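Just below is one structure, and these are the notes that go with it.
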There are 2 protein chains.
Amino acid sequence: MESIDTELAARIRNDIVLGNYGEEERISEARLCDTHKVSRTPVRLALRMLEHEGLIRRSEGRGYFVNAPNVNDVLQAVQVRGHLESLAARLMAQSPDRLSTLPILEAAIEEIDRLILVGKMDHASIRLIQKQNAVFHKTILECCGNDFIGFTCSRISHMPMLEVGAMVFDRQVLSTKEGKERSNFRLKLGNSQHKVIFEAIQKGDAVRAEGVMREHSNTMIEYIQVFEKRTKEELTIKDLIDYSGLSVMRKEHDTTGKEKSL
Amino acid sequence: MESIDTELAARIRNDIVLGNYGEEERISEARLCDTHKVSRTPVRLALRMLEHEGLIRRSEGRGYFVNAPNVNDVLQAVQVRGHLESLAARLMAQSPDRLSTLPILEAAIEEIDRLILVGKMDHASIRLIQKQNAVFHKTILECCGNDFIGFTCSRISHMPMLEVGAMVFDRQVLSTKEGKERSNFRLKLGNSQHKVIFEAIQKGDAVRAEGVMREHSNTMIEYIQVFEKRTKEELTIKDLIDYSGLSVMRKEHDTTGKEKSL
DNA sequence: ATAACCGGTTTGGGATCCCAAAAAAAGAGC
DNA sequence: GCTCTTTTTTTGGGATCCCAAACCGGTTAT
């Protein structure tokens with residue numbers, strides 16, 4: 001259990017990204033105290049945190065205004081994270097003591113392969129794949145030799161779909177058979193990219209490791225963009241399913257509430 | 001004038017990066033209240049901010065410990081910022097509506113050229129060059145089309161030498177004639193890189209814009225590394241002069257105190 | 001002698017109080 | 001009826017108070 005303000009910040013953050021607050025809504029400390037039944041101290045700490053994260057703006061006069069991110073904001077952020085990850089991949093490929101961590105990457109790749117082969121595209125399986133995916137990406141970030149890359153990624157991972165190793169699906173694709181096949185192909189493609197990245201790092205091919213990692217993150221961006229074009233009206237964050245460690249969107253699609261923290 | 005907690009956070013941050021606190025020193029709220037003559041409320045807000053910035057760690061039991069960054073941390077951070085800037089350069093070169101902002105870049109380059117030609121290597125001149133340098137880099141960040149890049153950079157610019165467009169010199173180099181000449185050459189080299197970046201963006205050569213921008217930031221990293229090797233003992237942040245917008249180190253080298261905010 | 005226990009002290013989190021500034025509303029003058 | 005001024009209310013920042021948990025020191029029992 002975290003301290004109240006962290007918990008509170010998470011709840012408000014959730015409300016903001018899910019669009020419960022209206023684009024430019026004014027937000028007051030007193031109101032939050034009332035709705036969340038806490039004192040002003042944790043509210044202020046939480047608001048400061050959210051301001052730092054860019055989810056609310058503090059008006060110079062007084063008062064806070066929400067800064068709800070839209071899909072385009074998320075896409076931009078994914079691009080930034082992907083670019084940082086590509087730097088990490090390059091550095092890791094150049095690092096002399098990378099060999100000891102290679103088995104971790106290999107194990108994650110093999111586990112994802114195994115899960116894809118089983119072919120179950122239900123929630124539980126995807127979460128398992130997501131977990132191994134997170135392991136793969138986190139390992140590269142943590143073993144690249146530049147700790148500041150991981151730190152910077154962690155500073156921006158408060159937004160939905162920005163947790164390292166997060167995976168995004170659209171809400172309809174998992175409900176139809178054809179959609180499931182498409183998702184299966186997407187997972188296969190992603191893991192084959194993992195393999196190429198792994199081999200490049202193993203061989204010390206820094207340029208290739210960086211390039212494929214960049215391509216790997218572009219895949220996610222393009223997936224969202226393609227889906228964006230397919231929808232008639234404006235695509236909102238709610239239309240996407242975020243499989244990430246944080247799982248901000250969980251209450252939207254997980255009614256069982258069994259797995260509280262993976 | 002900012003609110004007290006922001007001011008306070010800046011002061012504590014300053015103390016930490018200048019090494020006034022000892023590597024792993026315990027830091028207590030009460031002590032800070034006493035030394036800075038403020039109540040605990042702003043102290044707590046400031047500590048939260050610094051924790052978010054990674055300059056202090058909160059022990060799960062209780063208490064805060066300082067996490068003083070060393071030169072290597074700064075180098076890693078510079079690498080991250082440079083990598084983000086190279087992404088910005090690439091995106092700007094790809095952006096269709098980049099042409100309207102090109103004159104800003106060109107003006108900054110010409111102004112720096114003019115200042116270098118005058119050849120005065122005193123504090124005031126270097127600050128003017130620094131300002132135009134910041135304009136150049138900020139313009140690229142702000143006009144690349146991905147606002148999240150600039151946002152991410154701003155989130156990490158609390159550390160010394162990480163303000164966008166910051167320039168670093170070592171403390172001895174500006175005191176000797178030979179050192180001044182070397183610095184002059186370094187400025188010329190930097191601005192010639194600016195020119196190449198400008199032309200690449202103008203032509204829409206995204207690959208080259210990205211590559212040269214990367215090289216541009218590597219120049220700063222290598223400068224510090226070369227200086228690091230030249231010194232006998234461990235290089236500290238204090239040994240470097242930081243010409244940045246924030247100028248955390250100002251009180252170290254500016255005794256006149258005339259220019260409070262450029 | 002050592003280890004467990006117990007009380008005092010330190011310290012951080014949360015709640016409440018106070019105040020100044022700004023927005024909103026009411027009132028006066030034209 | 002409109003505008004400018006004054007008063008009221010709202011709201012956020014800072015200070016203080018309270019409390020629970022953790023650390024420290026000493027004492028006692030084995």
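Hydrogens, waters and symmetry mates play no part in the numbers below; they use all other heavy atoms, side chains included. Note that the structure is predicted; figures quoted are calculated from it, not measured. Here is the naming used below: chain letters follow the sequence lines, and residue numbers restart at 1 for every chain.
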Once you round it to whole Å, what is the distance between [atom2] of [N] and [atom1] of [X]?
| X | N | atom1 | atom2 | result |
| --- | --- | --- | --- | --- |
| Leu45(B) | dA15(D) | CG | P | 11 Å |
| Lys37(A) | dG14(C) | NZ | P | 18 Å |
| Arg48(B) | dG14(D) | CZ | C1' | 17 Å |
| Glu7(A) | dG13(C) | CD | P | 16 Å |

Which is true for [X] with a 4.0 Å heavy-atom rule: it touches a base, it touches only sugar-phosphate, or it touches nothing?
| X | answer |
| --- | --- |
| Leu47(A) | nothing |
| Arg26(B) | sugar-phosphate |
| Ile27(B) | sugar-phosphate |
| Arg58(A) | sugar-phosphate |
| Ile4(B) | sugar-phosphate |

query = So do Lys131(B) and Arg127(B) actually touch side chain to side chain, heavy atoms under 4.5 Å?
reply =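 Not touching, per the 4.5 Å side-chain cut-off.
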
Close side-chain approach of Arg81(B) to Glu163(B), heavy-atom, < 4.5 Å =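 They are not in side-chain contact.
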
query = Between Ser39(B) and dA15(D), does any side-chain N or O lie under 4.0 Å from OP1 or OP2?
reply =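 Result: yes.
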
message = Quiz question: going by heavy-atom distance under 3.5 Å, is there a donor-acceptor pair between the base of dG13(D) and the side chain of Arg40(A)?
response =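 Answer yes: a donor N or O sits under 3.5 Å from an acceptor.
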
message = So for Arg44(A) and dG14(D), does any side-chain atom that can act as donor or acceptor lie under 3.5 Å from a complementary atom in the base?
response =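 Answer is yes: a donor-acceptor pair is held.
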
Looking only at side-chain atoms of [X], point me to the closest of [options].
| X | options | answer |
| --- | --- | --- |
| Asp5(A) | dG14(C), dA15(D), dA15(C) | dG14(C) |
| Val38(A) | dA15(C), dG14(D), dG13(D) | dA15(C) |
| Glu29(A) | dG14(C), dG12(D), dG14(D) | dG12(D) |

ask   = With Glu53(B), which of Met159(B), His158(B), Arg155(B), Arg48(B) fulfils side-chain contact (heavy atoms from CB on, under 4.5 Å)?
value =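 Of all the options given, the one that passes is His158(B).
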
inquiry  = Checking the side chain of Tyr243(B) only, and the main-chain atoms of His123(B) only, is there a donor and an acceptor separated by less than 3.5 Å?
reply    =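 Absent.
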
query = When the nearest nucleotide of DNA chain C is assigned to Thr41(B) and to Ala30(B) on a heavy-atom basis, which residue is associated with the more 5' position?
reply =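 By nearest-heavy-atom nucleotide position, the 5'-most residue is Ala30(B).
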
message = Less than 4.0 angstrom from a charged side-chain N to a carboxylate O is my criterion; do Glu24(A) and Arg57(A) meet it?
response =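 Salt bridge present between Glu24(A) and Arg57(A).
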
